[in-house]
2 protein chains.
Amino acid sequence: MTFDQIQSFYMVATLGTYRQAAERLNATQPTISARIVALENYLRTSLFNRSGHRVVLTPQGRLFLSYAEKFLELQASVLKMTRGQDELTGIIRIGASDTMAISWLPGFFSILRKRYPNAVFELHVGPSYRLREDLISREIDLAFMIGPIAHADIASLPLCVCPMVIVAAPELGLHGRLLTKDDLGEIDFFTFERLTRPYQELSPYLKVNANSSIRLNPVNSLQTIVMLVEMGLGAGAVPQVVIEQQLKNGSLIKLDTGFELPELKFSVSYPMSPDMGVAEMVRDLSMSYLKDMPKQDSIKIIY
Amino acid sequence: MTFDQIQSFYMVATLGTYRQAAERLNATQPTISARIVALENYLRTSLFNRSGHRVVLTPQGRLFLSYAEKFLELQASVLKMTRGQDELTGIIRIGASDTMAISWLPGFFSILRKRYPNAVFELHVGPSYRLREDLISREIDLAFMIGPIAHADIASLPLCVCPMVIVAAPELGLHGRLLTKDDLGEIDFFTFERLTRPYQELSPYLKVNANSSIRLNPVNSLQTIVMLVEMGLGAGAVPQVVIEQQLKNGSLIKLDTGFELPELKFSVSYPMSPDMGVAEMVRDLSMSYLKDMPKQDSIKIIY
DNA sequence: CAAGTTTGATAAATATTTTTTATTAATTTA
DNA sequence: TAAATTAATAAAAAATATTTATCAAACTTG
């Protein structure tokens, strides 16, 4: 079975004669004839009744016509997708850390889709150490993650810096005063999972600046951390940008611990490969998107 | 664009190399190479990144893969519709674990041959970990094995559960009483080979529940295990279903160890491919065969 | 109703394309 | 660094498709 055969069959079925179909397809009548015969042999069934002066579809022919239409539609849409003049086509797999995914990524995503309507964007959310592996093994094309990362053929560009804050539900009554080391020892802390850079930076930091008996509970979902803290189960060390809403409506309040947590530095990273600069195109759009965002404390853009 | 090209692309994308795809499609490597080039020219985009030693899909390639699957599915369903309704022809390669091969498979096999007289069925018996590899490399079409297995394009459906028993020849005089830990330490045990799931599940289980000095001898043939145990060389930990006969005629007797071994869970697994549903046809017949079997303790059917 | 017209089928020659064989270059593995 | 494995390539061979020329059958029409 070939697409020529399917197309010829379709034309004969719609135009009614072999000759017309031949003309339409820039072929001769015997060519069409041969194609239909070949198709019938392949399907082991006859598609037209040629006993009369003009061709009439058989029941099997009518059934196959619906398939033929599907084949040709599929073929047309393949061409549209892959040959589309637009610069970016195909499936682009974008990785993002939790923080990025929760904060500015949704807005960027809609811009991205508008800008490159012929591409499909697949989102991979995960911790930065996993995104790094996925970049190296080429399982994603680009990642917005904590960085920059050092690797032979991974390019990294700094994007933005997000300050961390320590927050709690107002019910706990921990706000409005400078917390003592003993205060801190009483509280449960929730933050990123153990393998992540925030955990590894924060853990010694908290232990130095607070009581040594501090309880730091790693949770591998930022969404979950925010929920746990909102429910009053303890304090959370999270990037301010993901809890702007909660700070505004008062369901979470910043605590004054007397020290500052190190900021999270985000980058856009991608494998350096000689393909058409897919990653570069997404990167550039993300950088201009970030630049155009209203200035705010919780995300500082790096130029 | 031709169906040969689409199929070749699909095979390269799933198998990972041109050579393997060529083998699978009974063609030479340059043929596959030419087809892919032709397809890329037609689509005006590159589908694979061949800069390295192995081929990797480009974003466009990933997108086209989803179209290729649709094309092949459509083609398969056209053939199903116009050609023989549910006929199975050619050589179908069926994998089976030892336990399956010894117990219900022979009965099923005769049903299968009667139902599809125009097909040839090739039986591949082996441990489940090897069947898994063979499914992934498409060296078998379907397997009855311990599972379900987790893999991107392998489908797994639970089939049945088989309890394990510990048996010995009556001559050893170990039956009819609760064995002590010291008793168990005296006995040689025979069971599946080291790499298999039964061995890995059983080994710590026996060590916990019995004397730590237990001697567990792995043998890679279930048939052989049964023979060794029948000859009185030790006890065997085997699925009950394979020794029903021996239990009935008294050549083997269950031992009372005071604990139960974990059951073996069997599945039917097959590569999800857009072909004519060969695997699905065999799967469905096997499931209905198992359902119609007389109820027994040694095989519990999962619906 | 017979002549003219149109239809699709067929055979042989021709043109095109696909596949194979043999070889190469590049990359990975031991 | 040697051996093995990968895909690309060129030229020859094989297979396939198309055209030209012709035919028989079936409609049209005067």
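In the text below, chain A, chain B and the rest are named by the order of the sequence lines, each starting its count at 1. From a predicted model like this one, the values you see are computed outputs, not experimental measurements.
A heavy atom lying under 4.0 Å from DNA chain D marks the following residues of residues 13-25 of chain B, by number: B/Thr17, B/Tyr18, B/Arg19.
An end-to-end axis angle of 30° holds for the helix from C/dC1-D/dG30 to C/dA30-D/dT1, taken from five base pairs per end and rounded to 10°.
In this structure, the side chain to side chain contact (heavy atoms under 4.5 Å, CB included) partners of B/Asn118, at least two apart in sequence or on a different chain, are B/Glu87, B/Thr89. Residues meeting the ring-ring contact (aromatic ring centres under 6.0 Å, His included) test with A/Tyr270, sequence neighbours left out: none. In this structure, the ring-ring contact (aromatic ring centres under 6.0 Å, His included) partners of B/Phe48, at least two apart in sequence or on a different chain, are B/Phe9. In terms of the ring-ring contact (aromatic ring centres under 6.0 Å, His included) criterion, A/Tyr10 has no residue partners (sequence neighbours excluded). For B/Asn217, the side chain to side chain contact (heavy atoms under 4.5 Å, CB included) test picks out B/Asp188, B/Phe190, with sequence neighbours left out. With sequence neighbours excluded, the residues forming a side chain to side chain contact (heavy atoms under 4.5 Å, CB included) with A/Gln75 are A/Phe3, A/Leu72, B/Met1, B/Tyr42, B/Phe71, listed by chain and number. Partners of B/Tyr199 under the side chain to side chain contact (heavy atoms under 4.5 Å, CB included) rule, at least two apart in sequence or in another chain, are B/Thr191, B/Arg194, B/Thr196, B/Ser203, B/Leu216, B/Pro218.
With rounding to whole Å, A/Leu57 atom CG is found 13 Å from C/dG8 atom P. Rounded to a whole Å, the CD atom of B/Glu40 is 12 Å from the C1' atom of D/dA8. As a whole-Å value, the separation of B/Ile32 CD1 from C/dT18 P is 14 Å.
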Distance-only check: which donor-acceptor pairs under 3.5 Å involve side-chain atoms of residues 139-155 of chain B, not counting sequence neighbours?
from     : atom 1 : to       : atom 2 : distance (Å)
B/Glu139 : OE2    : B/Ser137 : OG     : 2.9
B/Asp141 : OD1    : B/Arg93  : NH2    : 3.0
B/Asp141 : OD2    : B/Arg93  : N      : 2.8
B/Asp141 : OD2    : B/Arg93  : NE     : 3.3

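Using a 4.0 Å cut-off, no side-chain N or O of B/Ser33 falls inside it from OP1 or OP2 of D/dA7.
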Pairs under 3.5 angstrom, nitrogen or oxygen only, protein versus nucleotides 16-20 of chain D, please.
from   : atom 1 : to      : atom 2 : distance (Å)
D/dT18 : OP1    : A/Arg35 : NH2    : 2.7
D/dT18 : OP2    : A/Arg35 : NE     : 3.4
D/dT19 : OP2    : A/Thr28 : N      : 3.2
D/dT19 : OP2    : A/Thr28 : OG1    : 3.1
D/dT19 : OP2    : A/Thr31 : OG1    : 2.8

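Sorted by first then second residue, the salt bridge (Lys or Arg N to Asp or Glu O under 4.0 Å) pairs that include residues 23-43 of chain B, not counting sequence neighbours, are B/Asp4-B/Arg35, B/Glu40-B/Arg50.
Across all their heavy atoms, A/Leu135 and A/Ser269 have their closest contact at CD1-CB, 3.7 Å.
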